[in-house]
Each structure stands twice: as C-alpha cells, then as structure tokens.
Amino acid sequence: LGTSIIALTFDGGVILGADSRTSTGNYIANRASDKITPLCDNVYTLRSGSASDTQAIAGYVQHFIAQHQAEEGDQVTVKTVANLVKMMAYNNKDFMQAGLIVAGFDKHGGGQVYSISLGGTVTATPFAMSGSGSTYINGFCDKYWRENMSEQDAMEFITRALRYAMTWDASSGGCIRTVTITAAGVKRQFIQGSQIPPTYGELPRQQVVA
C-alpha cells in the first residue's frame with residue numbers, strides 16, 4: 001500500500017512521476033513496479049493504494065475508452081477519462097482502496113491533472129500527489145511549485161519531490177519513473193535507484209568492488 005506519486009502541469013503539457021516500490025506490510029513485494037499506467041494514447045494514470053484494485057480500475061477504464069473512441073471517432077478528453085475513473089472509484093468505494101491521479105493532454109484543455117481520492121471525489125488541480133510518501137513533501141511542494149514552469153523545471157521539481165519522499169517514507173523507494181505528455185506525444189524517463197543522489201541524513205552509498 002505504500003507509494004509516492006505526483007503529477008503537475010507545466011507550460012505545454014503534464015509530467016507524471018512515481019517511485020517503484022510495492023510493499024506487503026513490512027515486506028517489499030516488488031522493488032521495480034510501474035505505477036504509471038496508460039489509459040489511452042494521451043492520458044495516463046498514477047496508482048496508489050491497493051495495487052490489485054487500481055489495476056482493475058485501469059483495465060476497465062481502458063476498455064470503456066476504447067469503446068468511446070471507436071463510437072466518437074475522435075481522441076478522448078482528459079476530463080472524460082477522469083470522470084470514468086471517478087465513476088469506477090466512487091461506485092466501488094466500499095470495496096476498494098484506490099487513490100488515483102489522472103493526467104494528460106488534449107486539444108481542448110491542454111495539459112490537465114485530476115486527483116481522485118479514496119472516496120471517489122475528483123478534483124481538477126494544477127498539481128497533485130498521493131500515497132504514503134506524499135505526506136513528507138507537502139512543505140517542499142508548497143514552497144517550490146509555481147505556475148507555468150518550463151518542462152525542465154517541472155521535471156526537476158518532480159524528481160526532487162520523489163527523491164525526498166523515497167528518503168523519508170519507508171514504504172516508498174526503488175527507482176523513479178516519469179511520463180511527459182505534450183502535443184508532440186509521450187516521453188518516458190527511468191532513473192535507477194543507484195543514480196538518485198542521497199539526501200541529507202542518508203548514509204553515503206558504498207562502491208561495491210568485485
């Protein structure tokens with residue numbers, strides 16, 4: 001259930017970022033999981049909470065979107081996708097533990113981020129974060145976030161926020177994955193755990209000599 005996810009809009013699109021640790025109690029079940037799931041070509045979701053619940057929601061929404069786009073003959077909007085996810089989360093709120101962030105780019109609204117809470121409430125916001133690690137970076141995000149950042153500044157903001165969350169939250173860790181969505185398309189970035197600089201208070205990384 002532990003995780004750190006964050007998404008934000010910048011001048012020209014959105015960036016989604018997540019750690020890669022999946023935990024079962026005190027046991028790390030997967031240290032390299034991918035929590036950024038494509039719902040369609042222009043919209044992705046970040047998953048936190050129960051991994052199986054969020055995977056099920058993502059699978060159903062992918063199916064609904066494929067039907068919708070086939071009927072409409074056009075690319076789905078980010079708002080429509082967010083409402084589909086909200087409907088799944090709200091209608092099953094008593095049976096699921098799923099906190100999701102939906103983000104993407106369309107020709108009508110540009111880059112957009114929607115936060116969907118455990119109870120199924122959907123909120124349009126310029127940036128959103130969730131998961132157990134998000135509680136450790138509220139102050140950082142309040143201080144350093146600003147509107148209309150460049151893509152480079154937005155990427156630095158997200159990687160720094162995830163780095164701090166992964167440092168202080170024992171349920172977050174592994175590597176950092178990001179997805180950037182603009183009018184030009186989708187770009188993925190992967191940062192290995194060994195390439196993430198240590199933060200203040202961490203033990204220095206030891207070089208292993210074969």
Side-chain angles (χ1 to χ4, degrees), residues 3-18 20 33-93 95-131 134 145 147-151 154-155 157-158 177-190:
T3 192
S4 297
I5 56 175
I6 184 171
L8 78 154
T9 58
F10 65 90
D11 186 17
V14 295
I15 300 180
L16 304 87
S20 65
S33 60
D34 190 353
K35 303 174 185 177
I36 311 178
T37 303
L39 299 176
C40 57
D41 291 341
N42 61 312
V43 186
Y44 281 59
T45 186
L46 290 161
R47 301 180 292 106
S48 68
S50 170
S52 58
D53 291 350
T54 56
Q55 286 170 350
I57 289 174
Y60 277 110
V61 171
Q62 288 167 350
H63 175 68
F64 294 150
I65 291 171
Q67 287 184 318
H68 177 81
Q69 291 188 143
E71 292 171 0
E72 296 294 325
D74 195 10
Q75 192 178 63
V76 69
T77 64
V78 183
K79 185 176 182 179
T80 297
V81 177
N83 281 322
L84 284 170
V85 175
K86 177 209 71 173
M87 180 183 68
M88 291 293 301
Y90 180 77
N91 290 341
N92 298 280
K93 62 182 180 296
F95 312 104
M96 287 185 167
Q97 191 168 18
L100 301 108
I101 298 172
V102 173
F105 185 96
D106 63 50
K107 60 186 178 183
H108 303 288
Q112 300 155 69
V113 172
Y114 292 88
S115 174
I116 298 156
S117 66
L118 293 175
T121 300
V122 61
T123 306
T125 178
F127 78 97
M129 51 190 173
S130 186
S134 65
W145 177 83
E147 290 186 281
N148 298 319
M149 282 191 280
S150 67
E151 181 177 340
M155 181 63 73
F157 175 88
I158 275 196
R177 301 178 192 272
T178 65
V179 169
T180 304
I181 309 173
T182 64
V186 177
K187 294 185 295 183
R188 274 189 174 268
Q189 182 177 343
F190 174 80

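Since the model is a prediction, treat every value here as computed from it, not as a measurement.
Rounded to the nearest 0.5 Å, atoms CD1 (Ile116) and CG (Leu46) are 10.5 Å apart. Interatomic distance, Thr178 OG1 to Arg188 CZ, rounded to the nearest 0.5 Å: 8.5 Å. Distance check, rounded to the nearest 0.5 Å: CE of Met96 to OG of Ser52 gives 8.0 Å. In this structure, CG in Asp53 is found 11.5 Å from CZ in Phe95, a value given to the nearest 0.5 Å. Between the CZ atom of Phe127 and the CD1 atom of Ile101 there is a distance of 10.5 Å, given to the nearest 0.5 Å.
Of the residues Ile15, Ile158, Asn148, the one that meets the side chain to side chain contact (heavy atoms under 4.5 Å, CB included) test with Phe10 is Ile15. Here the rule is side chain to side chain contact (heavy atoms under 4.5 Å, CB included) with Val61, and of Thr45, Thr37, Val85 only Val85 fits it. Applying side chain to side chain contact (heavy atoms under 4.5 Å, CB included) to Leu39 and the options Ile57, Ile65, Val76 leaves one that passes, Ile65.
The shortest distance between side-chain heavy atoms of Tyr44 and Val186 falls below 4.5 Å. In this structure, Leu100 and Met88 have side chains that are not in contact, with every pair of non-hydrogen atoms separated by 4.5 Å or more. Side-chain contact between His68 and Leu84 is absent, with no heavy atoms from C-beta onward closer than 4.5 Å. Contact of the Lys79 side chain with the His108 side chain is not registered, since no non-hydrogen atoms from C-beta on lie closer than 4.5 Å. The shortest distance between side-chain heavy atoms of Gln112 and Thr9 does not fall below 4.5 Å. Side chains of Met155 and Lys187 form no contact here, defined as non-hydrogen atoms less than 4.5 Å apart.
Side-chain atoms of Asn42 never come within 3.5 Å of backbone atoms of Gly104 as a donor-acceptor pair (strictly under, hydrogens ignored). Of the possible polar contacts, none joining the Gln69 side chain to the Gln67 backbone as a donor-acceptor pair under 3.5 Å is found. Remark: the backbone N or O of Gly99 is paired with a side-chain donor or acceptor of Ser48 at under 3.5 angstrom. Asp106 contributes a side-chain N or O that, together with a main-chain N or O of Gly109, makes up a donor-acceptor pair within less than 3.5 Å. With hydrogens and angles disregarded, a donor-acceptor distance shorter than 3.5 Å links the side chain of Ser33 to the backbone of Ser20. Side chain of Arg47 to backbone of Asp34: a donor-acceptor contact under 3.5 angstrom is found. Checking side-chain atoms of Gln62 against main-chain N and O of Pro38 turns up a donor-acceptor pair under 3.5 Å.
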Quiz item: Does the side-chain contact (heavy atoms from CB on, under 4.5 Å) test come out yes or no for Ile6 and Phe157, once each step is laid out?
Solution: CA-CA 10 Å; Ile6 184 171; Phe157 175 88; 3.9 Å; yes
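Applying the side chain to side chain contact (heavy atoms under 4.5 Å, CB included) rule to Asp41 yields no partners; only residues at least two apart in sequence or on another chain are considered.
Looking at every heavy atom in both residues, Leu16 comes nearest to Ile36 through O-CD1, 3.9 Å. Closest approach of Gly13 and Phe105 over heavy atoms only: CA-CD1, 4.0 Å. Nearest approach of Ser4 to Lys35, heavy atoms of both residues: N-NZ, 4.5 Å. Of all heavy-atom pairs between Ala98 and Thr54, the closest is CB-CG2, 3.7 Å. The shortest non-hydrogen separation linking Ala103 to Val113 is CB-CG2, 4.0 Å.
For Tyr90, the OH atom sits in a loose shell: 12 or fewer heavy atoms of surrounding residues, nucleotides or ligands are nearer than 6.0 Å. Other residues, nucleotides and ligands place no more than 12 heavy atoms under 6.0 Å from the CD atom of Glu147. Annotation for Lys93: atom NZ counts as buried by contact number, over 12 foreign heavy atoms lying within 6.0 Å.
Residues Thr125 and Ser115 bring no donor and acceptor atom of their side chains to less than 3.5 Å of each other.
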